[in-house]
Every structure is written in structure tokens, then in C-alpha cells.
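Heads up: numbering here begins at 1 and tracks the sequence. Note that the structure is a prediction, hence the values are computed from the model and not measured.
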Amino acid sequence: LSLPMPSLSNQPVRVSQEKLLQAALKVKNAQVVQDMIKHKADLNAFSMHGYTPLMMASMSGCAQSVSSLIAARVDVNLTNKKGQSALWLAASNGHADVVKILAKSGADLNMEDKKDGKTPLMVASEFGHLSVVSALIKAGVDVNKVSPYGQTALSYGIVGLSRDVKILKRLVVAGAD
């Protein structure tokens, strides 16, 4: 999908679907996603950088676009080359509202990335996203899942960037060892 766009020189400029979607999601413009759905774009297609529209919307925190894409029946569990799903990307960026939508839509709560075997809960704990940690716990995530390197969400919370005591307490109350 390539759309003509006006340019400063009054000559049309071709903009790729990926560039258009990225620009729209930066400002949380869900209309572009609606237009993609309307024009029957391949919504599970990977961009040249390895992201689906759902992954891009999830990273950007555009809940309306995420909901629209899910309603259009995209695969919520596709992963990029690093093994990161839309849920993983939303969790790592602190988008609790998107995490809730994806969890309710059947996203695998315990899917590990390929690099470190981190789950969405582990990365949310590491980066200090309390609202995401709470949303994942409420959705039924495994709080004691162990990465291939022997780490858990609790250990990532302890050694992570934020070392947020509220996250540690939330994990322990939820049964984390």
C-alpha cells in the first residue's frame, strides 16, 4: 500500500504503509489503521523492520488502534525476530491500557523473548511499570516463571532500572517467590 502525499514542491510523494502507520501512531491517529482495515491491507504483514501494525500500535500505546486491529482479527501472538510479541512490546513501554486489551484478547501472557527469555511481566518489572505489572497479575500471568538464565519477575524488579518497592510488594502479594 502506497499512498500519494502532497509535498512542498506540489509533486506527489509516495509514502509506504509502514511510514504512514508509524507517523500516525506517534500522534495516536487511529484513522490510518481504520483506513488500512477498510482497504483490506494485510494486517499481519511484517514491516521491513520486523513489526506488524499491532506491534507498532502496541509500542506506541495507541489503544484505539490496538482494539481496531484485534476486531479485524489480527494474530495477537505474532513475534518479531527478537521473539517480542505485541504484549511484550506494550509491557516494556509501560502501556497498561494496551496490555489489558491484549490480555483479554488471548495474548500469551508468559511468552518469552528470544534474547533473554524475558516475559512481559519480567520486562515490566525491570523497567518499573507498576500499572503493567498489576494488569498482568490481574490477567493471570505466572508470577514465578523462570527465564532460561534463572531470573524471575521478582529478580528483575530487584536488579532492574527502577527497583520500585511497590512492584516488588505487588509481586510478593501475588505469590512471587
Side-chain angles (χ1 to χ4, degrees), residues 22 25-26 28 30 33 43-47 49-177:
Q22 286 174 343
L25 290 172
K26 281 182 183 175
K28 296 192 175 64
V33 171
L43 301 174
N44 284 317
F46 287 87
S47 70
H49 297 291
Y51 297 100
T52 64
L54 181 63
M55 290 174 193
M56 286 189 251
S58 298
M59 282 189 294
S60 299
C62 191
Q64 184 178 356
S65 293
V66 169
S67 293
S68 295
L69 289 163
I70 289 170
R73 303 204 184 279
V74 296
D75 185 340
V76 297
N77 288 312
L78 289 176
T79 62
N80 60 21
K81 292 176 184 173
K82 297 176 184 176
Q84 301 163 336
S85 66
L87 178 63
W88 196 101
L89 294 164
S92 69
N93 285 286
H95 301 304
D97 52 342
V98 172
V99 167
K100 291 173 188 174
I101 294 165
L102 291 165
K104 288 179 184 173
S105 301
D108 183 346
L109 302 177
N110 299 301
M111 187 181 291
E112 301 173 353
D113 74 341
K114 291 180 183 174
K115 181 181 175 194
D116 302 310
K118 291 181 189 174
T119 65
L121 182 62
M122 292 173 189
V123 75
S125 297
E126 179 180 20
F127 293 135
H129 301 308
L130 178 61
S131 59
V132 172
V133 169
S134 295
L136 289 166
I137 289 170
K138 186 174 182 180
V141 71
D142 179 357
V143 296
N144 288 310
K145 184 154 177 78
V146 180
S147 77
Y149 297 101
Q151 301 295 317
T152 64
L154 187 59
S155 63
Y156 278 113
I158 292 168
V159 301
L161 300 174
S162 74
R163 297 184 183 144
D164 188 335
V165 174
K166 292 178 185 173
I167 289 176
L168 302 177
K169 184 176 180 180
R170 182 71 177 100
L171 289 166
V172 170
V173 168
D177 298 333

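Using modelled atom types, one side-chain atom of Asn144 and one backbone atom of Gly175 make a donor-acceptor pair closer than 3.5 Å. Side chain of Asn80 to main chain of Lys82: a donor-acceptor pair is present (N/O by atom type, distance under 3.5 Å, no hydrogens or angles). Remark: side-chain polar atoms of His129 are paired, donor with acceptor, to backbone N or O of Ser92 under 3.5 angstrom. At least one donor-acceptor pair closer than 3.5 Å links the side chain of Ser155 to the backbone N or O of Thr152. In terms of modelled atom types and a separation under 3.5 Å, the side chain of Asn77 and the main chain of Asp108 share a donor-acceptor contact.
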Step-by-step side-chain contact (heavy atoms from CB on, under 4.5 Å) determination, Met111 to Leu87 | CA-CA 9 Å; Met111 187 181 291; Leu87 178 63; over 6 Å; no
Could you go step by step and tell me if Phe46 and Leu78 meet the side-chain contact (heavy atoms from CB on, under 4.5 Å) rule?
-> CA-CA 10 Å; Phe46 287 87; Leu78 289 176; 4.1 Å; yes
Carefully, step by step, assess Thr52 and Val74 under the rule side-chain contact (heavy atoms from CB on, under 4.5 Å).
-> CA-CA 9 Å; Thr52 64; Val74 296; over 6 Å; no
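Just one of Val132, Val173, Leu171 meets the side-chain contact (heavy atoms from CB on, under 4.5 Å) condition when paired with Ile137; it is Leu171.
Residues satisfying the side-chain contact (heavy atoms from CB on, under 4.5 Å) test with Ser67, not counting sequence neighbours, are Ile101. For Glu126, the side-chain contact (heavy atoms from CB on, under 4.5 Å) partners at least two apart in sequence or on another chain are Lys118, Val123, Tyr156.
For the pair Tyr51 and Met59, the minimum side-chain heavy-atom distance is below 4.5 Å. Using a 4.5 Å heavy-atom threshold, the side chains of Leu102 and Leu54 count as touching. Side-chain contact check for Met122 versus Ser147: some heavy-atom pair is nearer than 4.5 Å. Between Leu168 and Leu154, some side-chain heavy-atom pair lies under the 4.5 Å cut-off. For the pair Val76/Ser85, no side-chain contact is recorded, criterion being any heavy-atom separation below 4.5 Å from C-beta on. You'll find the side chain of Ser134 reaches within 4.5 Å of the side chain of Leu130, heavy atoms only. Residues Asp97 and Lys100 are not in side-chain contact: their nearest non-hydrogen atoms beyond the backbone lie 4.5 Å or more apart.
Annotation: the span from Met56 atom CE to Ser47 atom OG amounts to 4.5 Å, rounded to 0.5 Å. In this structure, Ser125 OG and Leu161 CG are separated by 11.5 Å, a value rounded to the nearest 0.5 Å.
Residue pairs satisfying the salt bridge (Lys or Arg N to Asp or Glu O under 4.0 Å) criterion with at least one member in residues 130-155, sequence neighbours excluded, are listed as follows: Glu112-Lys145.
Considering every non-hydrogen atom in both Gly117 and Pro148, the closest pair reads CA-CD, 3.6 Å. Minimum interatomic distance between Val33 and Ser68 (heavy atoms only, all atoms of both residues): CG1-CB, 4.2 Å. Closest approach of Ala91 to Pro120, counting heavy atoms only: CB-O, 3.6 Å. Taking every heavy atom of both residues into account, Pro53 and Leu43 meet most closely at CD-O, 3.3 Å. Contact detail for Ala124 and Ile167: the closest heavy-atom pair is O-CD1, 4.3 Å. When all heavy atoms are compared, the tightest approach of Thr79 to Met55 is C-CE, 3.4 Å.
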